[in-house]
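What follows is one structure encoded as structure tokens, with my remarks underneath.
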There are 2 protein chains.
Amino acid sequence: MKKSRNTRQRAVILDVLKNTESSHPTAETIYREARKVLPNISLGTVYRNLNFLRGQGLVREIRSNNEASSRFEGERPPHAHFHCTCCQTVHDIPLPDCVRNLQWEGDTPICSVNSLELHIVGACSQCVAVQS
Amino acid sequence: MKKSRNTRQRAVILDVLKNTESSHPTAETIYREARKVLPNISLGTVYRNLNFLRGQGLVREIRSNNEASSRFEGERPPHAHFHCTCCQTVHDIPLPDCVRNLQWEGDTPICSVNSLELHIVGACSQCVAVQS
DNA sequence: GTAATTGCAAAAGATTTGCCCCATT
DNA sequence: AATGGGGCAAATCTTTTGCAATTAC
């Protein structure tokens, strides 16, 4: 495996991801947060590190269908994502057992499964409460 | 609802989507296909129509985590997607009943569900066969 | 005839990359 | 000291948009 260094920038980015567990920040948001600690960090560095960390399996990318930019999250136990179309928030939700245990033996092209993503799109209770 | 016209461009785009059911083309691919029929169609028109048709519920956008561009599909009965990391193909696969019937009554922020996406990532049988 | 839609090209956004310098090892 | 990684800015890529001309109705 390739040699890598523990730079202050990388540590800060991981830290931002750890401390915003439920907000699934974009690169831009991570950049803004990181700048509070390292005012000179550049957006390019944020992207380079996110890509590197994703390669290491320490960061996951999340894309939803109507958003231009990717969101990122630190690696955590398997879970699903709930996207509220009203407040644009992405929430972590438990991954149902039946999904975790899915078998694909029927008439599918699936040979081996690496990962699985379940995205629920709808309205969150908070938004519905505010509306009424 | 807003007035809309049946342009040749729109019909061709829908046709391309219908005739490439299992390939989930990108806008660029749709553009190239459409040019075979309408050599002057522009990429902007393809995007504009895809957005319009998505608004009408006739087209769906699919984004996967490591691809820069969106893929599109014509509206079809609910199904899940299988992404082969080897050949980059996206296959339609049946949506398991247990997923279709998921209930969210526990400790989640979910109030109402509009739609649901299940993405499986792995290797398809064809790729595995070729490798060995 | 009117207004939606097109083609074209420029703009906008997100992400990547080249280059030279700095900092970790 | 060697070299991985950073900062900056330019480049790239995808998608959107303004505008004048066209076309469906």
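Throughout, a chain's letter reflects where its sequence line sits, starting with A, and its residues are numbered from 1.
Note on A:S70: only backbone sugar-phosphate atoms sit closer than 4.0 angstrom, heavy atoms only; bases stay farther off. Using a 4.0 Å heavy-atom cutoff across all strands shown, A:R48 reaches at least one base atom of the nucleic acid.
B:E61 has its CD atom 11 Å from the C1' atom of D:dT14, to the nearest Å. Rounded to an integer number of Å, the gap from A:N49 CG to D:dG7 P is 9 Å. Rounded to a whole Å, the CG atom of B:N66 is 15 Å from the P atom of D:dT14. Distance B:E28 CD to D:dT16 P: 14 Å, rounded to the nearest Å. The distance between atom CG of B:N40 and atom P of C:dT6, rounded to the nearest whole Å, is 13 Å. Computed from coordinates, the B:L43 CG to D:dT17 P distance equals 14 Å when rounded to whole Å. In this structure, B:R10 places its CZ atom 10 Å from P of D:dC25, rounding to the nearest Å.
Contact check on B:R100 versus B:D97 returns a salt bridge, with a Lys/Arg side-chain nitrogen under 4.0 Å from an Asp/Glu carboxylate oxygen.
If you take CZ on A:R71 and OG1 on A:T26, they are separated by 7.5 Å, rounding to the nearest 0.5 Å.
Ring-plane geometry between B:H81 and B:H24 is classed as perpendicular, the angle between the planes exceeding 60 degrees on a 0 to 90 degree scale with a lower cut at 30.
Taking the side chain of B:Q9 as heavy atoms from C-beta on, and the options D:dG5, C:dG7, C:dA4, the nearest nucleotide is C:dG7. Considering only the side chain of A:T45, D:dG7 comes nearest among C:dG7, D:dG7, C:dT25. In the set C:dA4, D:dG6, C:dG7, the nucleotide with an atom closest to the side chain of B:I41 is C:dG7.
Between B:R5 and B:S42, the residue anchored nearer the 5' end of DNA chain C, judged by the nucleotide with its closest heavy atom, is B:R5.
There is no side-chain donor-acceptor pair under 3.5 Å between B:N40 and B:R35.
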